[in-house]
Amino acid sequence: MLTRRRIKLEKRVVKLEGMTNEQDAVKIQSALNDVWGVRQVHVSLQKQLATLSFNEDAASYEDFLQAIKDTGFTIETSNQ
């Protein structure tokens, strides 16, 4: 008998800097979709946000931040 293992999904929102057009948003979305473990990605040019859901057993939040940096865009940081 097969048992299903429950997937732990994490949802995060990243504030971006430097997107100026739809091609930039598509570039970031594509990079995030290439990270192993991603389940859903939405990039908003208007709000300068990336919202993502991912399997935290397959990827870390830092993997997604690095994917954004690798595309040449900046992540807005705040003192939380």
Side-chain angles (χ1 to χ4, degrees):
M1 179 174 173
L2 293 175
T3 59
R4 287 192 138 179
R5 187 171 157 222
R6 185 167 182 169
I7 296 174
K8 297 183 216 171
L9 289 182
E10 177 85 18
K11 184 177 180 179
R12 294 288 187 105
V13 178
V14 182
K15 179 74 174 153
L16 304 165
E17 294 179 352
M19 284 194 302
T20 58
N21 56 48
E22 195 61 39
Q23 289 85 0
D24 291 346
V26 169
K27 184 176 181 181
I28 292 172
Q29 184 158 339
S30 177
L32 293 172
N33 275 318
D34 284 344
V35 177
W36 182 258
V38 69
R39 291 293 180 250
Q40 186 175 21
V41 174
H42 175 72
V43 178
S44 170
L45 176 62
Q46 182 179 9
K47 294 180 182 179
Q48 298 283 300
L49 294 175
T51 305
L52 50 116
S53 297
F54 61 95
N55 178 345
E56 63 184 11
D57 289 334
S60 71
Y61 180 57
E62 288 74 26
D63 294 331
F64 293 96
L65 298 180
Q66 189 60 51
I68 293 168
K69 291 175 187 175
D70 289 347
T71 62
F73 294 93
T74 305
I75 299 157
E76 184 178 298
T77 57
S78 61
N79 298 331
Q80 298 180 3

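In this chain, residues are counted from 1 in sequence order.
- For residues 33-66, the set of pairs meeting the ring-ring contact (aromatic ring centres under 6.0 Å, His included) definition, not counting sequence neighbours, comprises Phe54-Phe64.
- More than 12 heavy atoms of other residues, nucleotides or ligands lie within 6.0 Å of CD in Glu17, so this atom counts as buried by the packing criterion.
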Could you walk me through whether Lys69 and Ile75 pass side-chain contact (heavy atoms from CB on, under 4.5 Å), step by step? CA-CA 7 Å; Lys69 291 175 187 175; Ile75 299 157; 3.9 Å; yes
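- To the nearest 0.5 Å, atoms CD (Glu56) and CG (Leu9) are separated by 8.0 Å.
- Residue Asp24 holds its CG atom at 13.0 Å from CD of Gln29, rounded to the nearest 0.5 Å.
- Through direct or indirect side-chain contacts shorter than 4.5 Å among Ile, Leu, Val, Met, Phe, Trp and Tyr, Val13 is connected to Leu49.
- Shown here are the side-chain hydrogen bond (donor to acceptor under 3.5 Å, both in side chains) partners of Asn55, two or more places apart in sequence or in another chain: there are none.
- Side-chain contact between Val14 and Leu52 is present, with heavy atoms from C-beta onward closer than 4.5 Å.
- At least one side-chain heavy atom of Met19 sits under 4.5 Å from a side-chain heavy atom of Ile28.
- Without hydrogens or angle criteria, Asp63 side chain to Ala59 main chain gives no donor-acceptor distance under 3.5 Å.
- By the side-chain hydrogen bond (donor to acceptor under 3.5 Å, both in side chains) test, Asn33 is found to be paired with no residue, residues two or more places apart in sequence or in another chain being considered.
- At most 12 heavy atoms of other shown residues, nucleotides or ligands fall within 6.0 angstrom of atom NZ in Lys47.
- To the nearest 0.5 Å, the span separating OG on Ser53 from CD on Gln40 amounts to 5.0 Å.
- Glu22 pairs by the side chain to side chain contact (heavy atoms under 4.5 Å, CB included) definition with Ala25, Val26, Leu45, not counting sequence neighbours.
- Shown here for Gly37 and Ala58, the closest heavy-atom pair between the two residues is CA-CB, 3.7 Å.
- A search for salt bridge (charged side-chain N to carboxylate O under 4.0 Å, His left out) contacts involving Arg12 returns Glu10, not counting sequence neighbours.
- Partners of Gln23 by side chain to side chain contact (heavy atoms under 4.5 Å, CB included), not counting sequence neighbours, listed by chain and number: Asn21.
- Under the side chain to side chain contact (heavy atoms under 4.5 Å, CB included) criterion, Asp34 pairs with Ser30, not counting sequence neighbours.
- Qualifying side chain to side chain contact (heavy atoms under 4.5 Å, CB included) partners for Asp70, counting only residues two or more places apart in sequence or in other chains: Gln66.
- Pairing each heavy atom of Gly18 with each of Gln48, the nearest pair is N-OE1, 3.8 Å.
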